[in-house]
Amino acid sequence: MYRALIFVAVVAFATATPTLRSEDNEELRFDDNFLFGVASAAYQIEGAWNEDGKGESIWDHMLHEHPEYTEDRQNGDVAADSYHRYRDDVKIVKEMNMDFYRFSISWPRILPNGDLSLINAKGVEYYNNLIDELLANGIEPMVTMFHWDLPYALQELGGWANRHIATYFRDYADLLFKTYGNKVKWWITLNEPQSFCRGYSGDHFLAPGVEHPGVGEYLCGHTALLAHAHAYHLYEETYRAKQKGEVGITLNSFWYTPKTENDKNAAERAIQFWLGWFANPVFSKEGNYPQVMRERVAANSAKEKLRRSRLPVFTQEEINYIKGTADFFGLNHYTTNYAEEGEEGKTPSADRDAGAIITQNASWPSSGSDWLKVTPTGFRDLLNWIRNAYGDVRIIITENGFSDRNTTVDGILLDDGRVTYFEEYLREMHKAIYTDGVKVFGYTAWTLIDNFEWLHSYQERFGLYYVNFSDPSLTRSAKKSSIYLGEIALTHVVPSQGVQLIASSILLAAILLRMCIFP
Ligand code: GBH
């Protein structure tokens, strides 16, 4: 055991000096007012799925019915038990010197029936406690109102495919502003509608697992945009003057790079279908879905002999109502894909409508997730694309992170793959800000602690802290990456490689020393 530990430490050290895929390795500095934070989401960390009056969510329901959907047949019933251990979590955020903590509120924990017929006092109290604990520690709460755990009661009415759900979301948002708005100044309405709407397209990776490709995801997206706009207008009209916070939305996008010179249009279509789907209605001057998207879905629908486009149509009034409804652009970014001319996916489906074949390059460095390759330069390209498309919108990176697979604790604490990922992505973001002039004002690492990674369950770990899921007390232990990012949050400096080498050596010496004292 002891020798094995030394072996792991030495191997880790040997790989601790990353070869940068960004050319420069100088020390980089971020402005004093640049914000650093960490993120999590309710279903992925809280557990306590049916405690203290919480209602059932679509994730509870789907994974209880279909344990086989996840890699190891587990679910988020207990997860990292943050419902009971939130004080430990806040301590960790503080240890990492973070300015803010982005977490999500579970809609069914507050409103078990989805609507205002029942307000669960214990649920309301839980988030009050969490927010108070953060503020007492000098950490700003940043609240995501919806990170995929819709009340199941609303799914029975069709969920996001039912346009009226937008009004239910408005009521829920109203309650959150009213209840927490004196303490919370950062609001994110929805996390990644592009992802959760896939739960209606038959890609079984997300709840509710409804199978209506080419139709369901567009209906869902339509409702989601209206819901977001309702929450924004409500804040604008009723709360902003007094509460003085900001309301935005979090969208995710890969970077799409043309596979060959001839694939530039395919790459542009891919990003319009993925990011433009939600960004264009909210952030563009003209509003509405991207033109290429409206045209292609309409044309395919006509070919399928449908009477109207599968992509619902906004009235001019709705276009104006949705346009401009964000104080900031929350961006989740992880990786890059190739796009190539051609068609793939079911008929019909959004993938086929986009008319691009999506691949990756097997030689790109991998992670613990099939879809996530380490491709830092795409981050800078994406940020520039957003600025070119939507002008000088204020951007905050609301997620960026790296996974590894479940192995031994010892191997995983020295998570050099993650350190390298953060370093390279921060360097590219720095170039986007300070060389290219993109207005990014903050950065959020995904994720605080190892947690329930949706269909990959506890097998893919994105945490800055390790969670021992086989230990009933679910101990959290610092990984090397948490120390690395903690230093950056404190100093606002990404150290040069030389400094990092010294820091790694000290860390290694400390580990070896500890092993000698407690063999
Ligand atoms: C984010 O989504 C989520 O907001 C967060 O909850 C999650 O933990 C984090 O990423 C890490 O995954 O399995 O090949 O079908 C990022 C966008 C969309 C990426 C769904 C993975 C599934 C690909 N995700 N996608 S696959």
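For ligands, and for the atoms within them, numbers begin at 1 and follow the listed sequence. Everything numeric here is computed off the predicted structure, so don't read it as measured data.
Residue Thr447 does not touch ligand 1, judged by heavy-atom distances below 4.0 Å. Neither the backbone nor the side chain of Arg198 has any atom closer than 4.0 Å to an atom of ligand 1 (non-hydrogen atoms only).
Of the protein's non-hydrogen atoms, the one nearest atom 21 (C) of ligand 1 is Trp371 CE2, 3.3 Å. The protein heavy-atom contact nearest to atom 11 (C) of ligand 1 is Glu453 OE2, 3.2 Å. For atom 16 (C) of ligand 1, the closest non-hydrogen atom of the protein is Glu192 OE2, 3.3 Å. The nearest protein atom to atom 1 (C) of ligand 1, hydrogens excluded, is given as Glu399 OE1, 3.1 Å; this is a heavy-atom distance. Looking at atom 20 (C) of ligand 1, its nearest protein heavy atom turns out to be Phe205 CE1, 3.6 Å. In this structure, the protein non-hydrogen atom closest to atom 13 (O) of ligand 1 is His456 NE2, 3.5 Å. Of the protein's non-hydrogen atoms, Ser195 OG, 3.5 Å is the one closest to atom 18 (C) of ligand 1. Scanning all protein heavy atoms for the shortest distance to atom 9 (C) of ligand 1 gives Tyr334 OH, 3.3 Å.
Electrostatic pairing of Glu341 and Arg269 counts as a salt bridge here, judged by a charged N lying under 4.0 Å from a carboxylate O. The pair Asp450-Lys479 meets the salt-bridge criterion, since a charged nitrogen lies less than 4.0 angstrom from a carboxylate oxygen. Comment: Asp81 engages Arg85 in a salt bridge, judged by a side-chain N to carboxylate O separation of less than 4.0 angstrom. At a threshold of 4.0 Å, the pair Asp436-Arg387 does not count as salt-bridged, since none of the basic side-chain nitrogens sits closer than that to a carboxylate oxygen. Salt-bridge formation is detected for the pair Arg310/Asp353: a Lys NZ or Arg NE/NH1/NH2 atom is positioned less than 4.0 Å from an Asp or Glu carboxylate oxygen. Checked for salt-bridge contact, Glu268 and Lys264 miss the test: no charged N lies under 4.0 Å from a carboxylate O.
Heavy-atom separations between Asp370 and ligand 1 are all 4.0 Å or longer. At least one heavy atom of His147 sits closer than 4.0 Å to an atom of ligand 1.
Relative to the six-membered ring of Phe441, Arg394 meets both conditions, a distance below 6.0 Å and an angle of at most 45° to the axis.
Considering backbone and side-chain N/O atoms, Asn252 never comes within less than 3.5 Å of an N/O atom of ligand 1.
With Leu448 as the fixed residue, the side chain to side chain contact (heavy atoms under 4.5 Å, CB included) test singles out one of Val93, Leu464, Val467: Val93.
Taking CG from Asp77 and CH2 from Trp59, the interatomic distance works out to 13.0 Å, rounded to the nearest 0.5 Å.
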